[in-house]
Amino acid sequence: MELEEVAERASAVLDEVERAVVGKRDRLELVLAGLLADGNVLLEDVPGLAKTLTARSFAEVTGLRFARVQFTPDLLPSDVTGSSIWNQRDAEFEFRAGPIFTNILLADEINRAPPKTQAALLEAMQERQVSIDGETRPLEPPFLVLATQNPIEYEGTYPLPEAQLDRFLLRAGFGYPSADAEWEMLARRLERRLDEVDLRPVIDRETLLEMQHSIETVHVADSVREYCVDLVVATRTSPSVAVGASPRGSLALLKLARCRAALQGRDYTLPDDVKAITVPALAHRVVLRPELWVQRITEEDVVQEVLESVPTPRAEDVRPAARS
């Protein structure tokens with residue numbers, strides 16, 4: 001698939017999702033970039049800002065299989081991965097697949113489950129497989145974990161460990177809609193006379209896999225790659241950071257920058273592509289020094305400071321060499 005067609009299909013997907021999620025095009029582009037990069041996405045924001053609706057809408061519009069798991073304190077790992085059940089008729093154990101065997105898994109309020117259950121996702125998020133009863137079962141591509149969590153209510157929650165946060169390609173918040181967007185949302189609700197929005201599939205699974213494959217043809221100049229590395233290294237040397245971003249951070253910048261370029265119909269990345277996705281890609285990967293919590297300084301603030309301190313390469317010679 002040509003990159004121009006990738007951009008057209010992606011625009012059609014976003015247009016259809018926007019019928020349900022109003023006024024958040026930039027956030028939806030981030031989620032779609034995560035899907036095209038074959039990565040996991042953490043949606044973190046206060047209740048009622050369309051996190052769950054976004055996950056369900058992308059599943060409907062892309063024609064992917066979708067499963068939702070409400071994470072609770074009594075949720076067991078087998079409730080997510082599945083387990084073997086004794087079949088009396090055949091006198092043998094029979095594996096019953098859990099909801100993780102899908103294309104888009106919505107882990108709703110993921111931080112409400114204990115660490116043991118959260119850990120059930122680690123292998124699936126990184127290696128796209130599940131090991132149960134000594135047998136490894138691969139997950140059908142594409143596989144994406146869309147997790148949500150509430151950043152203001154911590155009672156009865158279990159904060160995600162750094163090892164799991166690092167497996168999320170990006171973390172995004174939606175924020176409150178503008179007054180105009182909220183007015184438009186109410187107008188659409190009155191017009192359709194239903195709570196639910198009936199979305200139509202715009203692409204299918206095979207088309208999405210082709211789009212993912214096409215992203216690999218986006219050119220990344222040496223200067224842009226060095227810029228990605230410099231940003232990640234700067235998080236490790238920042239005086240505000242106790243633990244900086246891992247090499248997964250560099251890979252995240254590379255993948256998301258290529259996706260952003262493709263969404264705009266370009267076959268090459270710009271430094272601006274890296275800038276646009278640095279905070280969502282790196283903020284959840286850094287651990288701040290404890291004294292900064294009292295000053296109400298967030299990871300996003302520190303990564304933004306890093307972004308402003310690292311020199312931006314000139315947008316020259318970033319196009320692929322002309323073919324002879």
Side-chain angles (χ1 to χ4, degrees), residues 13-14 17-35 37 39-61 66 68-72 104-113 118 121 125 144-162 164-186 188-189 195-197 199 252 256 260 276-288 292-293 296-304 307:
V13 168
L14 293 171
V17 173
E18 271 197 311
R19 292 182 54 228
V21 183
V22 183
K24 292 297 177 183
R25 183 84 174 196
D26 57 338
R27 302 290 94 181
L28 296 178
E29 286 181 353
L30 272 177
V31 177
L32 180 57
L35 183 57
N40 307 293
V41 178
L42 178 61
L43 302 178
E44 184 178 83
D45 221 319
V46 298
L49 296 184
K51 300 186 296 295
T52 302
L53 177 62
T54 296
R56 189 171 67 246
S57 297
F58 270 106
E60 292 177 4
V61 172
F66 173 74
R68 177 181 182 273
V69 178
Q70 181 64 54
F71 278 58
T72 57
I104 294 182
L105 176 68
L106 173 59
D108 215 358
E109 295 187 277
I110 187 173
N111 57 334
R112 291 205 171 276
Q118 293 177 8
L121 291 175
M125 292 173 67
L144 166 71
V145 173
L146 267 174
T148 70
Q149 66 176 3
N150 180 353
I152 62 172
E153 185 180 359
Y154 293 106
E155 185 176 353
T157 63
Y158 303 85
L160 295 179
E162 281 69 25
Q164 187 157 17
L165 282 173
D166 204 31
R167 282 170 167 80
F168 284 102
L169 187 67
L170 63 94
R171 180 179 69 181
F174 275 61
Y176 288 107
S178 65
D180 291 340
E182 199 156 356
W183 187 93
E184 176 66 19
M185 179 186 69
L186 298 181
R188 294 185 187 183
R189 172 61 181 83
D195 283 333
E196 298 297 326
V197 182
L199 300 178
L256 291 172
R260 186 176 187 272
I277 50 84
T278 294
V279 174
L282 296 185
H284 62 291
R285 303 177 192 274
V286 301
V287 179
L288 302 185
L292 296 183
W293 299 344
R296 298 183 180 275
I297 296 177
T298 66
E299 294 91 345
E300 286 79 4
D301 296 332
V302 172
V303 173
Q304 187 62 45
L307 190 59

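Bear in mind that the values here come from a model prediction, so they are computed numbers and not experimental data.
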If we only count heavy atoms from C-beta on, is the [X] to [Y] side-chain gap below 4.5 Å?
X      : Y      : value
Leu43  : Val31  : yes
Val302 : Val286 : no
Arg56  : Leu106 : no
Asp195 : Arg189 : yes
Phe174 : Thr54  : yes

Atom pair [atom1] ([X]) and [atom2] ([Y]), whose distance is rounded to the nearest 0.5 Å:
X      : Y      : atom1 : atom2 : value
Leu169 : Leu30  : CG    : CG    : 10.0 Å
Asn40  : Arg167 : CG    : CZ    : 10.0 Å
Thr148 : Asp45  : OG1   : CG    : 10.5 Å
Met125 : Asp166 : CE    : CG    : 9.5 Å
Leu146 : Phe66  : CG    : CZ    : 8.0 Å
His284 : Leu170 : NE2   : CG    : 7.0 Å

Closest heavy-atom pair and its distance - [X], [Y]:
X      : Y     : value
Asn150 : Val46 : OD1-CA, 4.1 Å
Ser57  : Val17 : CB-CG1, 4.0 Å
Gly173 : Arg27 : O-CD, 2.8 Å
Val21  : Ala50 : CG1-CB, 4.2 Å
Glu18  : Gly23 : OE2-N, 4.4 Å
Leu199 : Ala20 : CD1-CB, 4.2 Å

Are the side chain of [X] and the backbone N or O of [Y] linked by a donor-acceptor pair below 3.5 Å?
X      : Y      : result
Lys24  : Tyr176 : yes
Gln118 : Tyr158 : yes
Thr157 : Arg112 : no

Query raised in the report: Who are the side-chain contact (heavy atoms from CB on, under 4.5 Å) partners of Gln149, not counting sequence neighbours?
Result: Leu42, Glu44, Ile110, Asn111, Leu160

Query - With Arg68 via side-chain hydrogen bond (donor to acceptor under 3.5 Å, both in side chains) - residues at least two apart - result: Gln70, Asp108

Requested in this report: Give the C-alpha distance, both sets of side-chain angles, the deciding distance and a yes or no for side-chain contact (heavy atoms from CB on, under 4.5 Å) between Phe71 and Leu121.
Outcome: CA-CA 12 Å; Phe71 278 58; Leu121 291 175; 3.9 Å; yes

